[in-house]
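Working notes for the structure below.
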Amino acid sequence: MVIGKPFLTVEQIQKRVKELALKISEDYEGKEVLSVGILKGAFMFFPDIVRHIQVPMNIDFLIASSYVKAQTSGAIKVHADLREDIKGKHVLLFEDIVDTGLTLKYIKDMLAARNPASLKICTFLDKKSSRKADLDLDYIGFSIPDHFVVGYGLDFDNKFRNLPYISIFKERT
Ligand code: 5GP
């Protein structure tokens, strides 16, 4: 396995996270937000961004998975659901990466059925060229080409999540 040099550096990531937080703070001014971190992937992005968002908020988590190693299995599993009742609340989902969009479409449809006041998506990375699901993304950190990336919460085989930057993953053949 080869981890190359950073594709997105710590400095680029932290600058963009603050910009996104500022935009979210402006958009939700006067409202209370229920921020939902989608785990495991958003475990770094989520605390980084919410600490810069300047509106009152509650925090919740949802654990879901869809990938087996570097290939999608197509199956989405919710391992742990929200603890909060989201009816009538402004819900903002924080995801690490949207690739096919199937995971988030599944989660969004599941949560929309619970009648939140609003339901938006903030993703750290967007791989738009691989999209299969019809899904609107409200806030995007970085749009990237179709590489398999690791770091900043993103794994290969549950490893590399702790890297503070994003790197392109290559398997040694
Ligand atoms: P989707 O359902 O949008 O195809 O996939 C979403 C999930 O697949 C993400 O939450 C992430 O766990 C995983 N995933 C998609 N692309 C990548 C990637 O480039 N690197 C890693 N590590 N995971 C990815």
Side-chain angles (χ1 to χ4, degrees), residues 1-10 12-14 16-17 20-21 24 34-50 59-83 86 91-114 119-173:
M1 293 174 213
V2 185
I3 297 296
K5 60 181 172 55
F7 177 69
L8 295 171
T9 64
V10 173
Q12 284 173 306
I13 292 170
Q14 294 304 324
R16 184 68 187 130
V17 164
L20 275 180
I24 290 169
L34 174 60
S35 294
V36 174
I38 301 179
L39 300 177
K40 298 180 188 174
F43 92 96
M44 273 202 198
F45 175 50
F46 187 59
D48 275 0
I49 191 162
V50 293
I59 301 282
D60 206 348
F61 297 95
L62 191 148
I63 307 180
S65 67
S66 65
Y67 260 53
V68 176
K69 301 230 173 147
Q71 292 183 337
T72 181
S73 67
I76 290 124
K77 187 160 169 28
V78 175
H79 302 274
D81 204 338
L82 300 178
R83 295 186 67 179
I86 65 170
V91 179
L92 184 50
L93 305 177
F94 291 87
E95 172 71 306
D96 55 352
I97 187 165
V98 179
D99 185 19
T100 63
L102 293 171
T103 307
L104 219 45
K105 173 91 173 107
Y106 179 90
I107 292 170
K108 196 178 180 192
D109 288 349
M110 179 182 91
L111 298 181
R114 301 179 194 174
L119 181 55
K120 290 191 176 179
I121 295 171
C122 175
T123 185
F124 175 61
L125 298 176
D126 177 23
K127 288 204 282 193
K128 200 169 184 183
S129 57
S130 329
R131 195 77 84 254
K132 290 186 184 156
D134 180 18
L135 186 72
D136 288 332
L137 301 178
D138 303 282
Y139 304 97
I140 297 168
F142 297 92
S143 292
I144 63 165
D146 188 17
H147 297 304
F148 192 82
V149 291
V150 293
Y152 199 61
L154 288 145
D155 74 308
F156 173 78
D157 208 10
N158 233 343
K159 296 183 191 74
F160 312 114
R161 289 191 197 275
N162 58 315
L163 295 176
Y165 52 84
I166 291 285
S167 193
I168 295 174
F169 178 81
K170 295 188 187 75
E171 210 162 357
R172 210 189 285 275
T173 48

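Bear in mind that the values here come from a model prediction, so they are computed numbers and not experimental data. Hydrogens, waters and symmetry mates play no part in the numbers below; they use all other heavy atoms, side chains included. Atoms within each ligand, like the ligands themselves, are counted from 1 in listed order.
- One option in Ile97, Ile76, Ile107, Thr123 has a heavy atom closer to atom 24 (C) of ligand 1 than any other, and that option is Ile97.
- In this structure, Phe156 has no heavy atom closer than 4.0 Å to ligand 1.
- More than 12 heavy atoms of other residues, nucleotides or ligands sit less than 6.0 Å from atom CZ of Phe43.
- Close contacts between ligand 1 and Asp155 involve ligand atoms 21 (C), 22 (N) [criterion: under 4.0 Å to a heavy atom].
- With sequence neighbours left out, Tyr139 forms a side-chain hydrogen bond (donor to acceptor under 3.5 Å, both in side chains) with Asp27.
- Residue-ligand proximity, Leu154 to ligand 1, at heavy-atom distances under 4.0 Å covers atoms 21 (C), 22 (N), 23 (N).
- With atom 20 (N) of ligand 1 as the reference point, the heavy atom nearest to it among Ile166, Val149, Val98, Thr100 is part of Val149.
- Among Asp96, Asp146, Leu104, the residue whose heavy atom lies nearest to atom 12 (O) of ligand 1 is Asp96.
- Inter-residue side-chain proximity for Ile76 and Met110 is flagged as unmet; no heavy-atom pair is nearer than 4.5 Å.
- Heavy-atom separations between Lys40 and ligand 1 are all 4.0 Å or longer.
- No heavy atom of Gly41 sits closer than 4.0 Å to any atom of ligand 1.
- Not counting sequence neighbours, the partners of Asp146 by the salt bridge (charged side-chain N to carboxylate O under 4.0 Å, His left out) test are Lys127.
- Every atom of ligand 1 is numbered from 1 in the order shown, and the set under 4.0 Å from a heavy atom of Glu95 is 10 (O).
- At a threshold of 4.0 Å, the pair Asp96-Arg161 does not count as salt-bridged, since none of the basic side-chain nitrogens sits closer than that to a carboxylate oxygen.
- Atoms of ligand 1 lying under 4.0 Å from at least one heavy atom of Lys127, given by number and element, are 16 (N), 17 (C), 18 (C), 19 (O).
- Within ligand 1, the atoms closer than 4.0 Å to a non-hydrogen atom of Thr103 are 1 (P), 2 (O), 5 (O), 6 (C), numbered from 1 in the order shown.
- When non-hydrogen atoms are compared, ligand 1 lies under 4.0 Å from the backbone of His147 (N, CA, C, O) but not from its side chain.
- Salt-bridge annotation for Asp60 and Arg83: absent, with no side-chain N of the basic residue lying under 4.0 Å from a carboxylate O of the acidic one.
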**Item:** side-chain contact (heavy atoms from CB on, under 4.5 Å) evaluation trace for Phe124 with Leu20
**Value:** CA-CA 9 Å; Phe124 175 61; Leu20 275 180; 5.8 Å; no
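- For Arg131 (side chain) and Gly101 (main-chain N/O), no donor-acceptor pair under 3.5 Å exists by modelled atom type.
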